[in-house]
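What follows is a set of notes on a single structure, which appears directly below.
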Amino acid sequence: MATLDAFFARRMGLFIHWGLYAIPGWHEQHQLRLRTPRAEYARLAAQFHPTAFDPDAWIDLAEAAGMSYLVVTAKHLDGFCLWDTATTEFKVTRTPFGRDVLAELAEACHRRGMPLGLYYSAIDQHCTFYPNRGRGHELAGPEPGDTPEWERFVDIMERQITELCTRYGRLAVFWWDSGPEIGLTAPRLNPLLRRLQPGILINNRGLSADGDFSTPERDYSPEFDAQKRFAKPVEACQAVGAESWGWRQDEDYFSTRYLLGEVDRVLARGGNYLLNVGPRPDGTVDPTSAGILKAIGDWYGRVKESLTDVETVEDIVTDPAVPVTRRGNTLYLHLHRPLNARRLLVTTLTARPERAILLNDGRPIRTSTELLPRYYRKGERPLRLCDLPVDEFAGSVMVLRLDLA
Ligand code: GLC
């Protein structure tokens, strides 16, 4: 996965938010959002003992979802390190579990040819050198006894990044978080990453403006929603739950239909999709999240040819709810919003394709260019794709394949 192209050919990745916050099971920013004093939050480390942690099970799930890379929270905002760092005692190897989670995950990923990326937060709510001032998702201010000093903290990040880049084999992606929201920079860190891990891709949430791709999150970025084809490399991210990225016991899960629409919308426009689950404190993924991933994988397996090795075509269907992808003479029409009738009219096409099928189940689709009552004045005869099973597929995203002459 040396180049950006190879990365974007991978299309979907599994995002994993996992750390101490899984134990209370409320939100990954438990410490900040429940205003929990640092020392009290840190005591969760004494309970971290994920007896069912099995990196192969995570990879199995990613594969079942049609995903082909993985990004895990090496360090979230709480500062807890999922690897055996020498920079702090606030780490997985100082919990009852005592094992280097990242080492085990990296071993499994390398053994199975699954590219691994690391999420790493620039904000650190545990380190006493971090200058908390309430910017973005920082703590409101220093806690008593803190000695905020950005340069010193950058040195710590440098040591942590060096550990991450030299001990765990090849890394595909470095997925910074929270850099831009704090208005501080550390321009030497991305060059360090690129030197230690040649070919690594770095996202745009770091501490300098030299990232390789942008990361629109959930539906917070209208400027991305407006683009019919992404002008620059985009990896969209979303969680299976509406509230939290970490495990939340009482989560409000998104509907599978909604997520399929989002996945399709991003992939059809040329972006990658990084979909997140938060494993439980024992290390397993809950059945609802796993079920959502499997449903996505089932759908993706059927429509995959419309989303891989294709180009996005902007001028065939003007309705932004129907992105079109193309490979040679084959067009794929993505119906990511429900149709209001059992037909789709394509006014830019006036010849019937040689063949039309519904990719989701392979059934042939009847086509017609006969005059429709609504066009009696102008006599236009747009291509009509007829008898579409809109009710049967109301819970899914239909993709139509048209083989043109
Ligand atoms: C949001 C959340 C953060 C999470 C991130 C993933 O910014 O606040 O906790 O890690 O999304 O993109």
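Keep in mind that what you see is a predicted model, and the values were worked out from it rather than measured. Just so you know, ligand 1 is whichever comes first in the structure, and atom 1 is the first atom listed for that ligand.
Counting only N and O atoms by type, the side chains of Gln29 and Tyr21 include no donor and acceptor under 3.5 Å apart.
No side-chain heavy atom of Leu359 sits under 4.5 Å from any side-chain heavy atom of Leu400. Residues Thr367 and Arg355 form no side-chain contact, since every pair of their non-hydrogen atoms from C-beta on lies 4.5 Å or further apart.
Sorted by chain then number, the residues whose non-hydrogen atoms approach ligand 1 to under 4.0 Å are His17, Glu28, Gln29, Arg33, His76, Tyr119, Trp175, Asp177, Arg205, Glu217, Cys237, Trp245.
Within the structure, the ring pair (Phe, Tyr, Trp, His ring centres under 6.0 Å) test picks out no pair touching residues 214-236 (sequence neighbours left out).
Not counting sequence neighbours, the partners of Arg401 by the side-chain hydrogen bond (donor to acceptor under 3.5 Å, both in side chains) test are Glu305, Asp403. Glu380 is linked by a side-chain hydrogen bond (donor to acceptor under 3.5 Å, both in side chains) to nothing, counting only residues two or more places apart in sequence or in another chain.
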